[in-house]
Student: 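Shown below is the structure under consideration.
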Amino acid sequence: MNPNIEYEKFTQEIYQELVNADVLKTTDVQHNVKLKGRSGQEHQIDVYWEYEIAGTKHKVAIECKNYNKTVGIAKVRDFYGVLHDLNNVAGIMVTKVGYQKGAKEYASEYGISLKELRTPNPGEAIIGEVEMNFDISVRRCLFLVDADYSETEKFSVSKYKHILDWMSLNNESSWINATHIPLELIDRNIINSNGTTITTLEKIEEELPKDSDSDIVFKYEDAYVNTRWGKIKINEIKYEYEYKNEKKIIAIDAQDFVKAILKDALNGEIKLIANKEVR
């Protein structure tokens, strides 16, 4: 189907739903109607309907502009000429993107309603937000590196702290002044100077209190860990607990349930047209 005709049929469908909801008497919203004006000239109207209130007949004509750019004053002026020739017909112009300033001013002066009608773009059908708060407990395993191993050819604590700060996602934390730091371990064994395993991180963590909220430190005189930089002597293993409250805002997006968005280009009022086929 021709895209312009498709947009006209889409407009007809949406306004038929709106008319059905607002008008008590059954009213047929028509597509591609020919009306003769006072001049004798016949005009093609994209979408048209008539209805009665208290014995008075009302007529509405819609001009559809399936544009991917804003509509200029010339199109609104042309439509006004048609409405003036038809006499006593209310005019609505619909388009997908919007209208230029001059077009809005002209329409406002001569009583033409300007609407934007389209299917919703991502994020346009947000109908609300839910704020959720999470209390998060994070436990970190940190090491106090022995002074003789803190600055070597293979490993530098000071440089490593700068790297940790650079990689940190949380700008509030800083490792520069920290005494204990995380290390990249090859395994989780704690060994002595002879290479004998004296314990493991798994065993240490099994002994940790279940609901502790304070830091716990294990001291060693002859303890080493295998890291990506080689064997490093440590004086302490510290389990540090950090508690955070994180707020997350979840948008309620009704895009799958919305068939169309109808916006009044003059006052900004927006209507969401429900997709009745979605259960």
Side-chain angles (χ1 to χ4, degrees), residues 120-258 261:
N121 296 317
E124 268 197 312
I126 302 296
I127 59 174
E129 291 181 337
V130 176
E131 181 179 308
M132 303 184 72
N133 289 279
F134 302 90
D135 290 321
I136 301 173
S137 172
V138 179
R139 185 181 73 189
R140 294 189 287 202
C141 179
L142 308 174
F143 302 89
L144 176 60
V145 176
D146 186 85
D148 292 339
Y149 286 75
S150 63
E151 299 294 333
T152 67
E153 291 182 2
K154 292 184 177 180
F155 179 69
S156 167
V157 168
S158 59
K159 290 181 180 178
Y160 185 53
K161 287 180 179 179
H162 281 290
I163 293 172
L164 290 174
D165 275 341
W166 179 74
M167 295 176 61
S168 176
L169 296 177
N170 183 359
N171 293 327
E172 296 178 0
S173 65
S174 174
W175 293 101
I176 291 296
N177 299 317
T179 56
H180 298 68
I181 58 173
L183 293 174
E184 297 181 43
L185 304 179
I186 293 176
D187 55 50
R188 292 171 63 82
N189 297 326
I190 312 300
I191 59 177
N192 60 22
S193 54
N194 296 323
T196 303
T197 299
I198 54 177
T199 188
T200 65
L201 292 178
E202 282 82 6
K203 289 181 180 178
I204 295 172
E205 289 165 4
E206 286 176 2
E207 299 173 6
L208 295 175
K210 298 297 182 185
D211 299 315
S212 176
D213 58 357
S214 11
D215 299 344
I216 300 173
V217 177
F218 298 87
K219 298 180 180 293
Y220 298 93
E221 292 185 0
D222 182 24
Y224 297 79
V225 288
N226 290 311
T227 74
R228 62 183 287 257
W229 306 279
K231 188 166 70 173
I232 291 179
K233 185 176 183 180
I234 58 170
N235 296 330
E236 293 178 356
I237 299 176
K238 178 182 180 182
Y239 284 91
E240 183 178 272
Y241 293 83
E242 181 179 359
Y243 293 89
K244 299 179 181 178
N245 180 268
E246 291 191 1
K247 180 173 71 173
K248 186 173 184 180
I249 296 177
I250 300 175
I252 302 173
D253 193 342
Q255 183 166 352
D256 291 340
F257 303 93
V258 174
I261 290 180

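All heavy atoms count here, side chains included; hydrogens, waters and symmetry mates do not. Note that the structure is a prediction, hence the values are computed from the model and not measured.
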Student: Roughly how far apart are Lys247 NZ and Asn133 CG, rounded to 0.5 Å?
Tutor: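 Rounded to the nearest 0.5 Å, the NZ-CG separation comes out at 7.0 Å.
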
Student: Report yes or no: does Asn192 contribute a side-chain atom to a donor-acceptor pair with the main-chain N or O of Asp222 at less than 3.5 Å?
Tutor: no

Student: Quick one: CD1 on Ile191 to OG1 on Thr199, what's the gap to the nearest 0.5 Å?
Tutor: 12.5 Å

Student: For the ring pair Phe155 and Tyr160, is the centre-to-centre distance below 6.0 Å?
Tutor: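 They qualify: ring centres under 6.0 Å apart.
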
Student: Going by salt bridge (Lys or Arg N to Asp or Glu O under 4.0 Å), name the pairs with one or both residues in residues 175-184, residues two or more places apart or in two chains.
Tutor: Glu184-Arg228

Student: Given side-chain contact (heavy atoms from CB on, under 4.5 Å), test Phe218 with Leu208 step by step and report yes or no.
Tutor: CA-CA 11 Å; Phe218 298 87; Leu208 295 175; 3.9 Å; yes

Student: What closest approach, in Å, do Ile186 and Thr227 show between heavy atoms, and which atom pair accounts for it?
Tutor: CD1-O, 3.1 Å

Student: To the closest 0.5 Å, what do you measure between SG (Cys141) and CG (Leu185)?
Tutor: 7.0 Å

Student: In Å and rounded to the nearest 0.5 Å, what is the CG to CD1 distance from Leu183 to Ile234?
Tutor: 8.0 Å

Student: Does some side-chain heavy atom of Thr152 sit less than 4.5 Å from a side-chain heavy atom of Trp229?
Tutor: no

Student: Under the rule for salt bridge (charged side-chain N to carboxylate O under 4.0 Å, His left out), what residues qualify as partners of Glu206, not counting sequence neighbours?
Tutor: none

Student: Name all pairs fulfilling the salt bridge (Lys or Arg N to Asp or Glu O under 4.0 Å) condition that reach into residues 146-162, sequence neighbours left out, sorted by first residue then second.
Tutor: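 Sorted pair list comes back empty.
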
Student: Kindly give the heavy-atom pair with the smallest separation between Pro182 and Leu164, and that separation in Å.
Tutor: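 That closest heavy-atom pairing would be CD-CD1, 3.8 Å.
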
Student: Could you report the tightest heavy-atom contact between Val225 and Asn189, atom names first, then the distance?
Tutor: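 Result for this residue pair: CG1-O, 4.1 Å.
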
Student: Does Lys233 qualify as a cation-pi partner of Tyr149, given the criterion of NZ or CZ under 6.0 Å from the six-membered ring centre and within 45 degrees of its axis?
Tutor: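 Verdict for Tyr149: no cation-pi partner in Lys233.
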
Student: Please report the C-alpha distance between Ile198 and Tyr224 in whole Å, then the side-chain angles of each, then the deciding distance to 0.1 Å, and finally whether the side-chain contact (heavy atoms from CB on, under 4.5 Å) criterion is met.
Tutor: CA-CA 10 Å; Ile198 54 177; Tyr224 297 79; over 6 Å; no

Student: Are Glu240 and Lys238 ion-paired here, with the side-chain N under 4.0 Å from a carboxylate O?
Tutor: yes

Student: Examine distances only and state if a side-chain atom of Asp215 and a backbone atom of Tyr241 form a donor-acceptor pair shorter than 3.5 Å.
Tutor: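 At least one qualifying donor-acceptor pair exists.
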
Student: Between CH2 of Trp175 and CE of Met167, what distance do you get to the nearest 0.5 Å?
Tutor: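 If we round to the nearest 0.5 Å, Trp175:CH2 and Met167:CE are 11.5 Å apart.
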
Student: Could you tell me the separation between the OG atom of Ser193 and the CD atom of Glu221, rounded to the nearest 0.5 Å?
Tutor: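 Atom-to-atom, Ser193:OG and Glu221:CD are 11.5 Å apart.
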
